[in-house]
Amino acid sequence: TLQDILIRWHRMRGFDTLWQPGTDHAGIALQMAVEKQMAERQEPDRKALGRDKFVDRAWHYKAETGSAIINQLKRLGASCDWSRERFTMDEGLSQAVLKVFVDLYNEGLIYRGKRLVNWDPRFETAISDLEVENIETNGHMWHFKYPLAGRETYTYVEKDEDGNVVLTEERDYISIATTRPETMLGDGAVAVHPSDTRYAPLVGKMCEIPVGPKEHRRLIPIITDEYPDPDFGSGAVKITGAHDFNDYAVAERGGIPKYRLMGTSGHMRADGAPYAEDALAAQKIAAGAAATEEEIDALNLVPDEYRGLDRFEARKRVVADITAEGLAVMTRADDPRLGKPALKPDENGADAPVPLVEAKLIMQPYGDRSKVVIEPMLTDQWFVDAEKIVGPAIEAVRSGEVTILPEQNAKVYFHWLENIEPWCISRQLWWGHRIPVWYGLNMAMMGDKLARYGLTPESPPEDWDGIDIGAELAFDGLVQAGEHAQSAIDLDAVGEKFLDDLAALPAPLNHARIVEVEDKHAAIYALAEGLAAYAAEDDPTKLVYPVWRDPDVLDTWFSSGLWPIGTLGWPDQTPELERYFPTSILITGFDIIFFWVARMMMMQYAVVEQRPFDTVYVHALVRDEKGKKMSKSLGNILDPLDLIDEYGADAVRFTLASMAAMGRDLKLSRDRIAGYRNFGTKLWNAVRFAEMNGVYADPAWRTDVIPTQNRRDTDAVQTANLWIIGETAKVREEVDAALAAYRFDDAAKALYSFVWGKVCDWYVEFSKPLFASEDPTVVAETRETMGWVLDQCLILLHPFMPFITEELWGVTGTREKLLAHADWPTLQAADLVDETADREMTWVISLIEEIRSVRAQMHVPVGLYLPLLQLDLDAHGQAAYARSEALINRLARIESLSPADALPKGAVTIAVEGGTFGLPLADAIDVGAEKARLEKSLGKLDKDISGLNGRLTNPKFIDSAPEDVVVETRELVTSKQDEAARLKSALDRLAELE
RNA sequence: GGGUGAUUAGCUCAGUGGUAGAGCGCUUCGUUCACAUCGAAGAUGUCGGGAGUUCGAAUCUCUCAUCACCCACCA
């Protein structure tokens with residue numbers, strides 16, 4: 001709604017506008033939805049279906065459901081440039097994505113690395129930090145003994161805060177606390193704080209992981225690191241670099257090996273060599289043997305009996321086994337640290353030793369889509385070196401080149417960007433932009449093995465599989481060969497470096513054709529097959545060099561981040577790019593400042609060295625009536641389409657606009673929407689009234705040429721007409737000022753109170769006696785004025801309520817163009833406000849209000865016309881009354897005005913600026929009620945006056961306050977005193993009556 | 001633990017140094033002439049508490065309380 005208001009407003013003001021519509025491919029969410037649908041229909045799963053068919057399936061799903069967002073926008077009246085609708089996976093954006101990936105790779109800004117990532121075991125993909133939701137969960141903390149190597153002993157001394165020794169004990173172990181016992185299998189060390197005197201004698205020694213087959217228990221070193229908190233737990237921390245982010249950092253610092261224990265689905269690894277073998281290898285590494293990251297990763301340190309278990313099942317088994325072996329730290333059953341639900345003192349009483357298991361609230365990471373516990377996992381991923389490209393994005397906002405509104409969001413933006421982590425851009429999904437990287441076998445490393453041509457597909461060498469053949473190649477040339485090509489690749493399109501690499505292969509492979517195959521195994525197979533055929537047939541055309549493509553896709557935000565340039569045709573230098581880039585404004589929710597805004601900023605600067613937009617307006621989040629964030633699982637969704645069905649799009653839009661105060665969330669309520677639906681009805685009826693009074697009867701007066709600069713050419717003389725023309729100019733200025741400042745609520749409120757409060761409540765009423773005039777020039781003038789005023793209302797309201805205003809615009813005359821294309825007025829209050837009319841009508845309105853108020857309080861029948869007596873009235877008042885007599889008489893139900901020297905018995909007094917009137921109510925008047933009424937008004941006035949006088953008699957106020965404030969205060973007190981005097985004399989007269 | 005914001009009428013919220021506002025709801029009255037999805041009139045506030053700055057504070061400062069959200073996180 002806000003976007004549409006801005007775009008319509010600018011369009012009507014004559015700007016060359018583009019509102020770029022489109023959708024992203026929502027990688028994880030869409031793939032998940034498709035898989036769910038397939039499961040519901042009991043179809044074969046993704047893996048059984050195969051990648052190509054699955055992706056086809058996803059495209060179908062997207063075609064069926066992807067239009068929902070667009071349809072919602074259309075129902076809401078969004079005036080996007082629909083012919084330019086784009087999708088992140090369409091041809092053009094995909095080209096942009098490929099080019100950016102390759103360029104950034106060549107600049108060294110994209111790299112592949114082994115990192116600890118948040119791994120979603122359900123979707124079997126890495127997810128970003130931002131997609132992880134931390135939820136407080138009931139957990140346990142176990143305390144276990146890690147025996148010292150060789151059962152060495154030491155004296156453990158525990159002191160309290162004052163340094164008094166509270167415990168001295170000979171120990172042959174170091175005590176460790178953990179919430180994740182199953183990860184003990186991958187421990188690389190135990191760390192203590194350097195200042196921790198309890199463990200100082202142990203540093204540098206080895207201890208034993210108390211789990212697994214006894215004959216193959218691993219020894220790990222005790223090291224120091226700043227990370228352990230001596231006051232927490234035992235003060236000693238096990239370091240599992242592959243399964244915990246803090247431990248990862250410690251392991252990096254200390255060169256501790258990071259052993260991966262789990263597979264992609266969160267089960268304990270079942271691959272690799274038998275445990276005994278790998279444990280031995282690990283032991284050698286711990287003793288100082290060199291090993292590469294790959295070699296370490298290949299080791300499976302899960303004991304055979306735990307292999308293949310779910311991680312939570314493995315945890316239970318590990319706990320049970322250690323406890324059974326007597327290596328759990330024991331305590332008394334009445335230890336207050338013990339978890340309540342976990343353990344109870346057994347029947348042996350409080351002295352009975354029980355394992356120390358503390359019940360703890362832990363913050364458990366969950367996937368925000370999958371809702372399963374996230375596992376920190378050491379994997380190969382692609383990263384953008386965000387730190388290197390973030391600079392301009394920070395600087396742009398700091399320097400004001402890009403403005404973020406409301407301002408407080410800039411702080412959030414800075415905080416995140418200044419502490420930015422490498423951006424993991426690979427996702428283990430099929431739906432998305434597949435990473436344009438092909439891998440080939442590293443022939444050089446295979447050396448002498450290649451000399452043996454006599455291979456057959458049936459008998460590839462067994463050891464090939466274990467050889468490092470992962471040297472990666474990334475070439476844009478390959479990309480152009482076709483995404484799914486399982487065939488020869490066009491050599492002309494292949495990158496130069498790749499061809500060099502190929503030429504450097506041992507003969508005869510330097511003459512091989514490049515073919516794309518499924519994966520590494522298929523590559524080995526294809527190579528063997530080719531070599532065998534070559535050897536047998538001496539046919540060089542059989543030689544192939546197989547490559548396979550990275551199976552991962554890019555993070556959706558990688559392509560969304562290129563939206564500003566990508567949708568305008570980049571990398572081609574299109575006219576649209578020239579004309580509309582950099583764009584003007586992005587309106588979005590705070591929840592994607594990091595995901596999207598920051599990424600667009602970084603990427604646009606990195607790729608085209610320009611800002612993507614000059615303003616970011618962070619809109620509020622729409623919550624339900626109770627302030628809860630809407631969510632499907634809570635079932636508190638207000639579907640915009642339902643609301644539109646019920647109240648109309650205009651009402652929904654106007655509600656959203658009027659509640660869009662900057663920086664606060666809004667609670668959407670049906671009552672509020674209903675109120676603005678009524679507003680539309682009100683406008684409709686006002687136009688109907690005009691129509692009934694002949695405003696649109698004569699087509700000759702109609703013109704779409706709205707006078708926008710100066711007082712219009714109607715020769716209007718009627719005060720009410722002059723007044724409403726001026727008011728119209730005022731509201732035009734208010735609306736423009738509000739929209740220019742993105743104060744949508746102010747603009748909506750200004751229009752609401754003008755249309756309802758001024759036009760409908762007053763001007764329409766004023767027009768009734770004018771339309772009833774016998775003077776045809778008065779009628780004609782009023783028709784013209786009303787037609788013009790209502791036209792202005794339609795124009796000014798159009799950005800907010802496009803449907804009803806367009807409809808009314810169409811039915812009230814033959815227009816040259818749609819209201820959507822009408823010219824926005826530039827009416828100036830300075831040109832159009834008639835001071836005299838303004839002052840007079842303000843006075844007339846307050847007089848009518850006073851009379852109505854008195855009548856209501858005195859319970860005068862609504863339809864009864866009464867004479868009005870004029871006690872005193874200054875020249876301004878006389879002129880005003882004379883000019884608007886018909887209006888006053890009708891609206892205040894006054895029969896006639898006549899001068900009087902005194903008020904008769906039974907008359908109530910009406911005091912207004914510059915005059916006193918009396919309303920004779922015959923015997924109907926209740927003297928007591930009248931007295932009470934006057935006294936109440938007087939009391940309020942006296943309070944105001946004394947307050948104001950208090951200020952005016954304070955010399956400091958006169959000295960310090962600005963001149964105009966002092967003058968204003970003086971005028972205010974004078975007018976209030978004047979009114980108070982009138983009320984006092986009315987009270988005096990009342991007293992005489994008694 | 002760190003950060004950000006909020007606290008104003010019964011409800012939802014504007015108002016950021018100069019006499020406290022809107023919509024909804026509520027009370028009373030009203031169906032001839034645009035509109036009952038309406039009209040007229042009306043009631044309702046220690047602007048969360050306290051202290052300070054200022055001639056003057058809902059507004060600026062400090063402090064306390066309560067609430068919300070974000071980030072991190074205790075092996």
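Below, chains carry the letters A, B, ... as their sequence lines are ordered, and counting in each starts from 1.
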A.B. asks: At a heavy-atom distance below 4.0 Å, what parts of residues 235-244 of chain A sit against RNA chain B?
C.D. replies: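 Within this stretch, Gly235(A), Ala236(A), Val237(A) sit under 4.0 Å of the strand.
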A.B. asks: Give each protein N/O atom lying under 3.5 Å from an N/O atom of nucleotides 53-55 of chain B, with the pair distance.
C.D. replies:
unit_1, atom_1, unit_2, atom_2, d
C55(B), O2', Asn954(A), ND2, 2.8

A.B. asks: Please determine, for the side chain of Ser853(A), which listed nucleotide (G42(B), C74(B), C35(B)) has the closest atom?
C.D. replies: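 Looking only at heavy atoms from C-beta outward on Ser853(A), the closest nucleotide is G42(B).
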A.B. asks: Begin with the C-alpha distance, continue with both residues' side-chain angles, and end with the deciding distance and a verdict on side-chain contact (heavy atoms from CB on, under 4.5 Å) for Phe245(A) and Asn118(A).
C.D. replies: CA-CA 9 Å; Phe245(A) 286 95; Asn118(A) 291 299; 3.4 Å; yes
A.B. asks: Here's a test of your reading of the structure: between Asn246(A) and Asn685(A), which maps to the more 5' nucleotide of RNA chain B?
C.D. replies: Asn685(A)
A.B. asks: Give a yes or no on whether a salt bridge exists between Asp745(A) and Arg743(A), defined as a side-chain N under 4.0 angstrom from a carboxylate O.
C.D. replies: yes
A.B. asks: Could you tell me whether the phosphate oxygens of C38(B), OP1 or OP2, come under 4.0 Å of any side-chain nitrogen or oxygen in Asn678(A)?
C.D. replies: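 Answer is yes, contact under 4.0 Å.
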A.B. asks: Under 4.0 Å between a Lys/Arg side-chain N and an Asp/Glu carboxylate O for Glu375(A) and Arg180(A)?
C.D. replies: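 Counted as a salt bridge, because a side-chain N and a carboxylate O are separated by less than 4.0 Å.
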A.B. asks: So what does Arg688(A) hit on the nucleic acid, given a heavy-atom distance under 4.0 Å: a base, only sugar-phosphate, or nothing?
C.D. replies: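 Result for Arg688(A) = sugar-phosphate.
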A.B. asks: Need one value for Asp959(A): base, sugar-phosphate or nothing, where a base atom within 4.0 Å counts as base even if backbone is also close, heavy atoms only.
C.D. replies: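 Counting heavy atoms under 4.0 Å across all strands, no contact is made by Asp959(A).
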A.B. asks: Give one of base, sugar-phosphate or nothing for Glu765(A), where a contact means two heavy atoms less than 4.0 Å apart.
C.D. replies: base
A.B. asks: Considering only atom P, compute the distance from A20(B) to C24(B) and round it to an integer number of Å.
C.D. replies: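 Nearest-Å result for A20(B) against C24(B) at atom P: 24 Å.
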A.B. asks: Is the distance from OP1 or OP2 of G39(B) to the nearest side-chain N or O of Trp756(A) less than 4.0 Å?
C.D. replies: yes
A.B. asks: Rounded to whole angstrom, note down the C1' distance from A14(B) over to A9(B).
C.D. replies: 13 Å
A.B. asks: Measure from the side chain of Met141(A), starting at C-beta and using heavy atoms only, and say which of A75(B), G39(B), G18(B) lies closest.
C.D. replies: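 When the side chain of Met141(A) is considered, A75(B) is the closest of A75(B), G39(B), G18(B).
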A.B. asks: Taking the six-membered ring of Tyr647(A), is NZ or CZ of Arg677(A) closer than 6.0 Å to its centre and within 45° of its axis?
C.D. replies: no
A.B. asks: Charged N to carboxylate O under 4.0 angstrom, Arg890(A) versus Glu765(A)?
C.D. replies: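 No, Arg890(A) and Glu765(A) are not salt-bridged.
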A.B. asks: Is the phosphate of A43(B), meaning OP1 or OP2, less than 4.0 Å from a side-chain N or O of Lys936(A)?
C.D. replies: yes
A.B. asks: Which of the following nucleotides, A34(B), U12(B), G18(B), is nearest to the side chain of Val965(A)?
C.D. replies: G18(B)
A.B. asks: Can you work out whether Ala686(A) or Phe245(A) has the more 5'-proximal nearest nucleotide on RNA chain B?
C.D. replies: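 Going by which nucleotide is closer to the 5' end, it is Ala686(A).
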A.B. asks: Where do His243(A) and Thr183(A) come nearest, in terms of heavy atoms and distance?
C.D. replies: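 Where His243(A) meets Thr183(A) most closely, the heavy atoms are CB-CG2, 4.0 Å.
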A.B. asks: Hey, would you say the Tyr676(A) and Phe800(A) ring centroids sit under 6.0 Å apart?
C.D. replies: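 Between Tyr676(A) and Phe800(A), the centre distance exceeds or equals 6.0 Å.
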A.B. asks: Between Arg198(A) (side chain) and Pro230(A) (backbone), is there a donor-acceptor pair under 3.5 Å?
C.D. replies: yes
A.B. asks: Under 4.0 Å: is that the gap between some side-chain N or O of Lys749(A) and OP1 or OP2 of G21(B)?
C.D. replies: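 The answer is no; no side-chain N or O of Lys749(A) sits under 4.0 Å from OP1 or OP2.
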